[in-house]
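To start, the structure itself, in structure tokens.
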Amino acid sequence: MPKTTVYYFPLKALGEGIRLLLAYGGEEFEDRRVTSEEWPEIKPKMPFGQMPILEIDGKKYAQSSAVVRYLGRKYGLSGKDIEEDFEIDQSVEFYTDIRTKARAVFHAQNEEAKAKMQAELEKNYYPFALKKLDEIIKKNNGHLALGKLTWADFLFAGMYDCFKKQLQVPDLDEKYPSFKKLQDTVYAIPKVKAFADKAPKADF
Amino acid sequence: MPRTIVYYFPERALGECIRLLLAYRGEEFIDRRIPHEDWPEIKHKMPFGEMPVLEIDGKKYAQSLAILRYLGRKHGLSGQDLEEDFEIDQNVYFYTDVWTRGGYVYHEANEEAKAANMAELVKNYYPFALKKLDEIIKKNNGHLALGKLTWADFLFAGMYDCVKVKLQMPDLDKKYPSFKKLADSVYALPRCKAYADKAPKTDY
């Protein structure tokens, strides 16, 4: 059994998708949650000075999107050919785009600018983008691509609470119930549920 | 011969990465550059209301990284297994991280915050991140991954001048010559050169 470790902060966010995939794949792993006090010492040991990091038998894998795709392909949660893999990637990149725009608001320093950017997104972007995301999930039987469970769903489920926080769109669960439903679908998978029941609780 | 069209603005940036890869592989394509004034009318015809979009025999492919990975795998510019594909993805996402962070600051509307945030990046992020990127390229024989030409290099080359703008580092070429060298090496590939010689000139 390879020694597998997931290094991340005591959050779900970008580390959670990796943990959920490993749980799904039946891979025992050390769920190493690095506190902010510990982080400065550990940071230089990480290939890109960031987390999450997946370590398998001493080999470190960085960049969460790269890691979840890798695990997805490993565990049969990807497409059967490059056309299908493309469809997963397309849905994931679209979702990531929405998050990137939301994060830009978070990064804005000035409160006035922040409010202005948020208003702009709520008026001109989120209605279209979130509706599109909702359509994709509905068209795919409650999944992000291929009408079935893929690694994209694990990425989405793990990030969802963080995503809600970053969007700052009130009542997201009520507006687009398909989003929370997809998260719940992943967390209901027995091996995933078993992991989550025992794991430390985190708000996002 | 499939009818292939690349839809993008009259810029290089993300559209260029796709154009260069298609040119390299000898794939004829229509280089459809949509002026910004015409975009509002065409926007709704694109699957996610954005560009670049690649169209092959009527099928539309959106999301630039998904497209590049797809074309890379289709045209022998990806890894030979999961581990190698992972390495390409990892280095690509690190590169996109760098320009995304730069972009948050570059697009900051408030001048004072912009200057403060840029100072923060210059002090605490760029030295590490750009040095890391430089190390990766040197370690990989002047490429972004696997020590050889992959789809990642086309992303790098197409985006390079845009990245310099987003990083607000006009002297990036001098600071890290390996970057420009990589971009130039892609443009020096005979078919890429032939394409670029005829293509409209743009600043980025």
Side-chain angles (χ1 to χ4, degrees), chain A residues 43-44 47-50 54 56 59-74 78-79 81-98 100-101 103-114 116-117 120 125 128-129 131-133 135-136 145, chain B residues 43-44 47-50 53-54 56 59-75 78 81-98 100-101 103-114 116-117 120 125 128-129 131-133 135-136:
Chain A
K43 192 174 154 87
F48 297 87
Q50 292 177 321
L54 168 68
I56 304 177
K59 176 174 174 180
K60 287 185 170 69
Y61 296 77
Q63 300 300 329
S64 60
S65 301
V67 175
V68 294
R69 182 179 295 101
Y70 168 78
L71 291 177
R73 291 177 71 186
K74 223 174 175 180
S78 62
D81 55 30
I82 61 172
E83 299 292 331
E84 289 201 343
D85 276 347
F86 166 79
E87 195 189 313
I88 302 172
D89 285 351
Q90 183 181 244
S91 292
V92 167
E93 301 292 349
F94 173 61
Y95 160 73
T96 304
D97 252 5
I98 302 174
T100 300
K101 289 187 166 73
R103 277 173 70 206
V105 177
F106 255 63
H107 279 258
Q109 300 277 291
N110 175 280
E111 282 310 312
E112 216 181 286
K114 238 172 136 121
K116 197 164 164 225
M117 285 170 79
E120 169 69 26
Y125 178 68
F128 164 78
K131 179 165 166 250
K132 181 74 195 176
L133 187 59
E135 279 170 13
I136 289 171
Chain B
K43 197 173 153 84
H44 69 277
F48 296 85
E50 289 179 330
V53 169
L54 169 69
I56 303 177
K59 176 176 173 176
K60 286 187 168 72
Y61 297 75
Q63 301 301 327
S64 55
L65 289 186
I67 293 169
L68 286 169
R69 185 179 297 105
Y70 168 77
L71 290 177
R73 291 176 73 189
K74 207 175 184 182
H75 294 293
S78 63
D81 56 30
L82 286 197
E83 302 291 328
E84 290 200 344
D85 277 347
F86 167 80
E87 194 189 314
I88 300 172
D89 283 349
Q90 180 186 250
N91 295 352
V92 161
Y93 283 119
F94 176 63
Y95 176 55
T96 65
D97 249 7
V98 173
T100 298
R101 287 233 218 169
Y104 288 144
V105 174
Y106 174 70
H107 290 289
E108 171 69 59
N110 181 289
E111 283 305 318
E112 215 177 289
K114 188 169 170 165
N117 289 342
E120 169 70 25
Y125 179 66
F128 165 79
K131 177 166 169 254
K132 181 73 195 177
L133 188 58
E135 278 169 13
I136 288 172

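In the text below, chain A, chain B and the rest are named by the order of the sequence lines, each starting its count at 1. No hydrogens, no waters, no symmetry mates; every other heavy atom, side chains included, goes into these values.
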Polar side-chain atom of [X] near backbone of [Y] as donor-acceptor pair, under 3.5 Å:
X: K74(A); Y: L82(B); value: no
X: E93(A); Y: L65(B); value: no
X: K43(A); Y: G49(A); value: yes

### Message
Check this for me, if you would: do K101(A) and E50(B) make a salt bridge, where the nitrogen-to-carboxylate-oxygen distance has to be below 4.0 angstrom?
### Response
yes
Under a 4.5 Å heavy-atom cutoff, which of [options] has the most pairs with chain A?
options: E83(B), R101(B), K114(B); result: E83(B)
options: A113(B), A109(B), G49(B), A62(B); result: A62(B)
options: I88(B), V92(B), D97(B); result: D97(B)
options: T100(B), D85(B), I136(B), N117(B); result: N117(B)

Between [X] and chain A, which part of the residue has a heavy atom less than 4.5 Å away: side chain, backbone, both or neither?
X: E108(B); result: side chain
X: K74(B); result: both
X: F94(B); result: both
X: F48(B); result: both

### Query
Out of Q50(A), E112(A), E87(A), which one racks up the most heavy-atom pairs below 4.5 Å with chain B?
Q50(A)
### Heavy-atom pairs under 4.5 Å with chain B, option from T100(A), I82(A), T96(A) with the top count
I82(A)
### Message
With side chain to side chain contact (heavy atoms under 4.5 Å, CB included) as the test, pick out the partner of L71(B) among R73(B), R69(B), H75(B).
### Response
H75(B)
### Message
Are more than 12 heavy atoms, taken from residues, nucleotides or ligands other than K116(A), located less than 6.0 Å from that residue's NZ atom?
### Response
no
### Query
side-chain hydrogen bond (donor to acceptor under 3.5 Å, both in side chains) with K114(A): which residues, sequence neighbours excluded?
none
Examine whether an atom of [X] lies under 4.5 Å from a heavy atom of chain B, and if so say whether it belongs to the side chain, the backbone or both; otherwise answer neither.
X: R69(A); value: side chain
X: Y61(A); value: both
X: A113(A); value: side chain

